[in-house]
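Chain identifiers are assigned alphabetically (A, B, ...) following the order of the sequence lines, protein sequences preceding nucleic acid strands; residue numbering begins at 1 within each chain. Only a predicted model underlies this, so the values are computations on that prediction, with no experimental measurement involved.
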Number of protein chains: 2
Amino acid sequence: MATVNSYDVGQNPEESLMPTPERTTTAAIVAAARAIVEAGGADSLTMKEVATRVGVRAPSLYKRVRDRNDLIRLVVEDTVDEIGVRLQAAADRTVDPRAAVVAMADALRALAHERPQCYQLTFGPLPPGARPERGTLERVAGPVLEMSGRLAGEDHALEAARTLTAWMNGFIQMELSGAFRLGGDVDAAYAWGLAALIEAITNGGERRRD
Amino acid sequence: MATVNSYDVGQNPEESLMPTPERTTTAAIVAAARAIVEAGGADSLTMKEVATRVGVRAPSLYKRVRDRNDLIRLVVEDTVDEIGVRLQAAADRTVDPRAAVVAMADALRALAHERPQCYQLTFGPLPPGARPERGTLERVAGPVLEMSGRLAGEDHALEAARTLTAWMNGFIQMELSGAFRLGGDVDAAYAWGLAALIEAITNGGERRRD
DNA sequence: ACCTGAACACCGTTCAAGT
DNA sequence: ACCTGAACACCGTTCAAGT
């Protein structure tokens, strides 16, 4: 099959001087990068593999991303955005704050199981050039902060949200990295822990006053 | 200065055929690797830099470590062992299980602040060849499991330990990765969360029975 | 205007040759 | 027995040259 592009087709001088149409997009590059990370971990993310998947050569990628770390940043931000979408959807499914927290935690854990490599990349150590832009995480914090505030009271919304997200994140990361090696039922530990956290957060830790 | 080794010094044939004395040790290599990781993150860990620091050339390292991932594994296991030592020391400092849990959490957080890069490497995503050997994490679990069992009751020791370690780990990782960007007092959130966790774990979540 | 081959620096790893 | 220079494959990145 002969390759067809504007130079084969162009009939007059003006047409053959037209800018080359773009052969890929940033979105396609990020999607390819995400798939590579998910398939083989962040170490397997090479510019060449990304280029092959989107149908260009490696140097062309530098038209859309600054460097490899920048591409990692885009994958991380994509993951954070997806987390935001799912948390919001979970929160919208109910009005009861306890049920909402359970739904958000379940949704986050489900996403982590769907995309374990991207999840670990997102919350693991990132080189400076790969850290998400200011505002990316803040966008996700909304529903968690709101429900935490409703459970713990506005005065303790931030502490409660941090306690909850720390546990969720920590549990998921230990689960994904295979840190739970002492047997037992991990799902049961998750349910037990989530119930314990919700109980502890409710009413701003009033019971803890001496 | 002239280089001095057994070949310069050897006076008889037997001595000059003696095996070359080892010019470095696995322990020195791991210490150098740890320092490099701590100084510049895991990405900055190159075989050449390790070799330079211990005074040999890169190929010599392969006499002691299988490959770069194996060296990362040794750094991770070193970090886990250090965590174990500190947790045990913290647990030994008191007989009250609540105070012991606080002491262990403080000790873990202090170590994470001392060696943020090694800590994040240890609990971040690791390629298969860099994962710690079976038994490494189990060695550390002891004191946490014991105190969790005393607080939550033996029937819930494992769930309680997992809830506690998930929160500790999650909090520390979020703190280290700069995820707490909404202002507020991070130390206060830590204290609030720890108190909440201890309260939630105590008595096996009895209050949660409907 | 976009894309690419060629080139460069760097890295992990192997191995024959040194001592 | 240990160490190393040389070599190889691979990778990120740049850039002049193509279309």
* Looking at Gly178(B) and Arg181(B), what are the two nearest heavy atoms and their distance? -> O-NE, 2.9 Å
* To do: State, with a plain yes or no, whether a side-chain heavy atom of Trp167(B) is found less than 4.5 Å away from one of Leu194(B).
  => yes
* Of all of residues 31-55 of chain B, which get a heavy atom below 4.0 angstrom from DNA chain D, listed by number? -> none
* To do: Tell me which residues in residues 57-66 of chain A put a heavy atom below 4.0 Å from DNA chain D, sorted by number, or none.
  => Pro59(A), Tyr62(A)
* Kindly compute the distance separating CZ (Arg162(A)) from CG (Leu182(B)), expressed to the nearest 0.5 Å. => 6.5 Å
* **Donor-acceptor side-chain pairing of Asn169(A) and Tyr119(A) below 3.5 angstrom** => yes
* Salt-bridge contact Arg115(B)-Asp78(B) (side-chain N to carboxylate O under 4.0 Å) -> yes
* Hey, is Arg64(B) close enough to Glu22(B) for a salt bridge, meaning N to O under 4.0 Å? -> yes
Output the rounded distance in Å from [atom1] ([X]) to [atom2] ([N]).
{"X": "Glu22(B)", "N": "dC3(D)", "atom1": "CD", "atom2": "C1'", "value": "12 Å"}
{"X": "Asp67(B)", "N": "dC10(D)", "atom1": "CG", "atom2": "C1'", "value": "16 Å"}
{"X": "Arg68(A)", "N": "dC10(D)", "atom1": "CZ", "atom2": "P", "value": "17 Å"}

* Structure fact -> Paired to dA1(D) by Watson-Crick or G-U wobble criteria (both distances under 3.5 Å) is dT19(C)
* Find the partner of dC11(D): check Watson-Crick (N1-N3 plus N6-O4 or O6-N4) and G-U wobble (N1-O2, O6-N3) distances, both under 3.5 Å, and reply none if neither fits. => none
* Under 3.5 Å donor-acceptor, Arg68(A) side chain and Leu45(A) backbone -> yes
* Aromatic ring centroids of Tyr190(A) and Phe180(A) under 6.0 Å? -> no
